[in-house]
Amino acid sequence: MARRPSAALLFLVYALTASLAGADAASGTYTGQINARGNYYWEYSTRVVAPSINASLATPSGVRVDGTYLIDAISSASVATGTIDDRVFTEKRHDVTVGLGYEIELGKAQLDLYGSGRISREPDYKSNRGGFAAALSLNQRNTVLHFNGYFSHDDVYRVLRMVPADDPTKLLASRADFVGNLDVVSLGFAVDQVLNRSTSITLGYDLSLLSGFQANPYRMARFAAMGAGAEHHPDQRTRSAPYVWFSHFFERTRDAIRINYRFYRDDWDITAHAIDTRFHQEIGDDLELRLRYRYYNQSDSFFNKTGGYTAPDTVAGTPGDRYITADPKMTAFHDHTFGVKVRLALDFLSFTKLDFLHTAVVDWTIEYMRITNRYGPIAVVAQGGIGWSF
């Protein structure tokens with residue numbers, strides 16, 4: 001059997017050219033991929049199970065189409081999500097995304113264009129989004145300029161949940177009251193540069209403008225004296241984030257590293273730093289192991305009065321305050337993420353009764369988080385899936 005290209009090297013190439021994949025126009029064939037995944041998140045008050053399926057197809061002419069369907073099943077025991085006490089309930093979110101792409105040859109350059117639309121529906125939130133992405137490849141694809149953006153319009157509701165008389169252990173949604181809208185405009189720019197056959201770097205910048213309702217429609221903030229009031233956040237928010245990715249493949253040992261630093265700042269006075277490191281190691285021809293560590297640290301918003309990891313309490317000012325929050329994401333906190341991923345290519349099934357699966361890849365991921373705000377102190381994220389190329 002011919003030796004397969006290094007999985008770590010394929011990862012490096014994919015990181016630079018993922019948006020430029022297309023059909024084999026010369027042979028006149030269709031190519032594509034089907035992916036099925038399961039996603040799981042757990043912390044003390046919330047559990048999310050989110051299976052998804054994605055399919056993509058590239059035609060001989062180079063036109064690419066893709067679609068994704070995801071369903072979230074969110075189980076919560078939090079009064080911040082519309083319950084009158086900490087009774088467990090489950091809510092479902094349906095999410096559909098479709099996209100269309102095409103690459104145009106411009107002499108020695110290539111311009112890849114992609115557009116997408118997304119619809120998300122849940123009992124208390126409706127979201128519609130349209131987006132685009134453009135990638136200009138130069139210098140034999142060693143330099144790629146990326147420009148992307150999207151606009152989304154969300155409708156926010158507050159669902160009243162009641163306990164049915166025939167089963168007091170359950171909570172049912174009885175009415176959804178409109179709360180407000182949220183509009184988001186997001187733009188991003190990035191440059192991928194291959195420095196040599198083993199090393200690449202990415203420099204990027206993201207900007208988002210938010211306008212509308214940005215609080216939790218259920219969350220109540222406890223006042224310093226007595227009583228409580230509904231959470232209220234500013235209606236306008238500007239978010240910006242420059243970042244850098246560095247990737248290097250070690251040919252002799254067949255492993256790769258990828259290091260990311262991201263700086264975040266918004267006009268709510270939140271400043272954040274995130275460092276994400278990933279180490280990929282090939283084990284044989286078909287198995288790859290990835291280790292991940294991420295550190296995140298942020299300051300609190302200018303209107304936060306609930307403390308952070310230095311003063312973890314839930315008192316949120318007075319009734320006369322212009323803005324009120326009990327949102328843990330508005331506090332100063334930090335978290336650590338430790339992750340392991342195993343990726344197995346099924347090429348060893350070639351010329352067996354399961355030969356039709358020899359182009360498939362399966363992977364499993366588990367990540368453990370230590371968080372210093374009220375979402376913590378621990379959380380677990382798990383993923384698993386299979387991708388089959390044809």
- Task: Return the orientation label for the His336 and Phe338 ring planes: parallel under 30°, perpendicular over 60°, tilted otherwise.
- Result: parallel
- Where do Arg37 and Asp363 land on the salt bridge (Lys or Arg N to Asp or Glu O under 4.0 Å) test, with the steps shown first? CA-CA 9 Å; Arg37 302 197 62 80; Asp363 64 81; 2.9 Å; yes
- Side-chain heavy atoms under 4.5 angstrom apart, residues restricted to Ile, Leu, Val, Met, Phe, Trp, Tyr: same cluster for Tyr41 and Ile74? yes
- Query: Take atom CD in Glu105; do more than 12 heavy atoms of anything else shown fall under 6.0 Å from it?
  - Reply: yes
- Task: Decide whether Ile275 and Ile201 are clustered together by the hydrophobic rule: side chain heavy atoms of Ile, Leu, Val, Met, Phe, Trp, Tyr closer than 4.5 Å, transitively.
- Result: yes
- Between the CG atom in Asp72 and the CD atom in Glu122, the distance rounded to the nearest 0.5 Å is 7.5 Å
- If you group Ile, Leu, Val, Met, Phe, Trp and Tyr whenever their side-chain heavy atoms sit less than 4.5 Å apart, what else falls in with Phe151? Val185
- Message: Taking salt bridge (charged side-chain N to carboxylate O under 4.0 Å, His left out) as the definition, give me every residue that meets it alongside Asp355, ordered by chain and number, with sequence neighbours left out.
- Response: none
- Message: Can you confirm whether Lys126 is buried at NZ, in the sense that more than 12 heavy atoms of other residues, nucleotides or ligands lie under 6.0 Å from that atom?
- Response: no
- Message: Tell me whether the rings of His233 and Trp268 are parallel (<30°), tilted (30 to 60°) or perpendicular (>60°).
- Response: perpendicular
- Task: Considering only NZ, NE, NH1 and NH2 on the basic side and carboxylate oxygens on the acidic side, decide whether Glu288 and Arg278 come within less than 4.0 Å.
- Result: no
- More than 12 heavy atoms of other residues, nucleotides or ligands under 6.0 Å from CZ of Arg93: is that the case? yes
- Query: Rounded to the nearest 0.5 Å, how far apart are OG1 of Thr202 and CD of Gln193?
  - Reply: 9.5 Å
- Query: Does the side chain of Thr253 pick up a donor-acceptor pair with the side chain of Asp255 at under 3.5 Å?
  - Reply: yes
- Message: Give me the atom names and distance for the closest heavy-atom approach of Phe189 to His146.
- Response: CD1-O, 3.1 Å
- Query: Does the side chain of Tyr295 come under 3.5 Å of the side chain of His273 through a donor N or O and an acceptor N or O?
  - Reply: no
- Message: Taking the basic N atoms (NZ, or NE/NH1/NH2) and the acidic carboxylate oxygens, is any pair closer than 4.0 Å for Asp266 and Arg237?
- Response: yes
- Item | Stepwise side-chain contact (heavy atoms from CB on, under 4.5 Å) test for Leu203 and Asp192 | CA-CA 7 Å; Leu203 300 174; Asp192 295 333; over 6 Å; no
- Query: Out of curiosity, Leu210 CG to Asp183 CG, how far, rounded to the nearest 0.5 Å?
  - Reply: 9.5 Å
- Answer with yes or no whether the hydrophobic clustering places Val159 together with Tyr125; edges join I, L, V, M, F, W, Y residues whose side-chain heavy atoms lie under 4.5 Å apart. no
- Query: side chain to side chain donor-acceptor pair (under 3.5 Å) with Thr68: which of Thr97, Asn35, Asn54?
  - Reply: Asn54
- Cut-off 3.5 Å, side chains only: do Asn304 and Ser301 have a donor facing an acceptor? no
- Query: How about Asp154 and Ser127: does a side-chain donor come under 3.5 Å of a side-chain acceptor?
  - Reply: yes
- Item | Distance-only donor-acceptor check, side chains Asn216 and Glu231, under 3.5 Å | no
- Any Arg370 side-chain heavy atom under 4.5 Å of Ile378 side chain: yes
- If you look at every heavy atom in Gly99 and Tyr114, which pair is closest and at what distance? CA-OH, 3.4 Å
- Query: Checking side chain to side chain donor-acceptor pair (under 3.5 Å) for the pair Gln110/Asp112: CA distance, chi angles, key distance, verdict?
  - Reply: CA-CA 6 Å; Gln110 299 81 33; Asp112 188 87; over 6 Å; no
- Query: Could you state the interatomic distance from CZ (Phe356) to CG (Leu346), rounded to the nearest 0.5 Å?
  - Reply: 10.0 Å
- Apply ring pair (Phe, Tyr, Trp, His ring centres under 6.0 Å) to Trp388 and Phe390, showing your working. CA-CA 7 Å; Trp388 177 63; Phe390 59 90; 5.6 Å; yes
- Derivation of the side chain to side chain donor-acceptor pair (under 3.5 Å) call for Ser208 and Ser186: CA-CA 4 Å; Ser208 297; Ser186 180; 3.2 Å; yes
- Query: Is there a path from Leu100 to Ile104 through hydrophobic residues (I, L, V, M, F, W, Y) whose side chains come within less than 4.5 Å of each other?
  - Reply: yes
- Message: Less than 4.5 Å apart, side chain to side chain, heavy atoms only: is that true for Arg290 and Gln281?
- Response: no
- Task: Kindly indicate whether the side chain of Ser240, heavy atoms from C-beta on, has any atom under 4.5 Å from the side chain of Tyr205.
- Result: yes
- Heavy-atom pair with the smallest gap, counting every atom of Ile257 and Phe279: CG2-CD1, 3.7 Å
- Message: Ignoring hydrogens and geometry beyond distance, is a side-chain donor-acceptor pair present between Asp66 and Ser56 at under 3.5 Å?
- Response: no
- Task: Could you tell me whether the side chain of Thr337 reaches within less than 4.5 Å of the side chain of Asp335, counting heavy atoms only?
- Result: yes
- Is a side-chain donor-acceptor pair under 3.5 Å present for Arg158 with Tyr218? no
- Query: Taking the six-membered ring for Trp, are Phe250 and His248 ring centroids under 6.0 Å apart?
  - Reply: yes
- Message: For Thr271 and Arg265, which I'm curious about, is there any donor-acceptor pair between the side chains at under 3.5 Å?
- Response: yes
- Task: Return yes if a side-chain donor-acceptor contact under 3.5 Å exists between Ser211 and Gln236, otherwise no.
- Result: yes
- Hey, would you say the Tyr375 and Tyr44 ring centroids sit under 6.0 Å apart? no
- Task: Could you grab the distance from atom CZ of Phe132 to atom OG of Ser116, nearest 0.5 Å is fine?
- Result: 10.0 Å
- Measure up the Phe178 and Tyr157 rings against each other and bin them: parallel (under 30°), tilted (30 to 60°), perpendicular (over 60°). perpendicular
- Task: Give, for atom CG of Asp276 and atom OH of Tyr293, the distance between the pair rounded to the nearest 0.5 Å.
- Result: 10.5 Å
- Item | Residues Tyr264, Arg239; criterion side chain to side chain donor-acceptor pair (under 3.5 Å); working and verdict | CA-CA 7 Å; Tyr264 171 87; Arg239 313 170 74 173; 2.8 Å; yes
- Query: According to a 4.5 Å side-chain heavy-atom criterion applied to Ile, Leu, Val, Met, Phe, Trp and Tyr, with indirect links allowed, do Leu349 and Val342 form part of one hydrophobic cluster?
  - Reply: yes
- Query: Is Arg129 positioned over the aromatic face of Tyr150, cation under 6.0 angstrom from the ring centre and no more than 45 degrees off axis?
  - Reply: yes
- Between the side chain of Thr325 and the main-chain N/O of Asp327, is any donor-acceptor distance below 3.5 Å? yes
- Message: Under the criterion salt bridge (Lys or Arg N to Asp or Glu O under 4.0 Å), I'd like the reasoning laid out for Glu282 against Arg252: C-alpha separation, chi angles, the key distance, then a yes or no.
- Response: CA-CA 11 Å; Glu282 273 200 322; Arg252 290 187 59 185; over 6 Å; no
- Arg141 backbone acceptor or donor facing Asn139 side chain under 3.5 Å: no
- Note on the structure: side-chain contact (heavy atoms from CB on, under 4.5 Å) test vs Ile119 passes for just one of Val98, Asp95, Asn128, namely Asn128
- In terms of heavy-atom contacts, Ile324 and Ala221 come closest through CG2-CB, 3.3 Å
- Item | Residue pair Pro123 / Lys92: nearest heavy atoms and the distance that separates them | CD-O, 3.4 Å
- Query: Minimum heavy-atom separation for Pro217 to Val156, with atom names?
  - Reply: CG-CG1, 4.1 Å
- Query: Salt bridge or not for Glu367 and Lys341, using N-O below 4.0 Å?
  - Reply: no
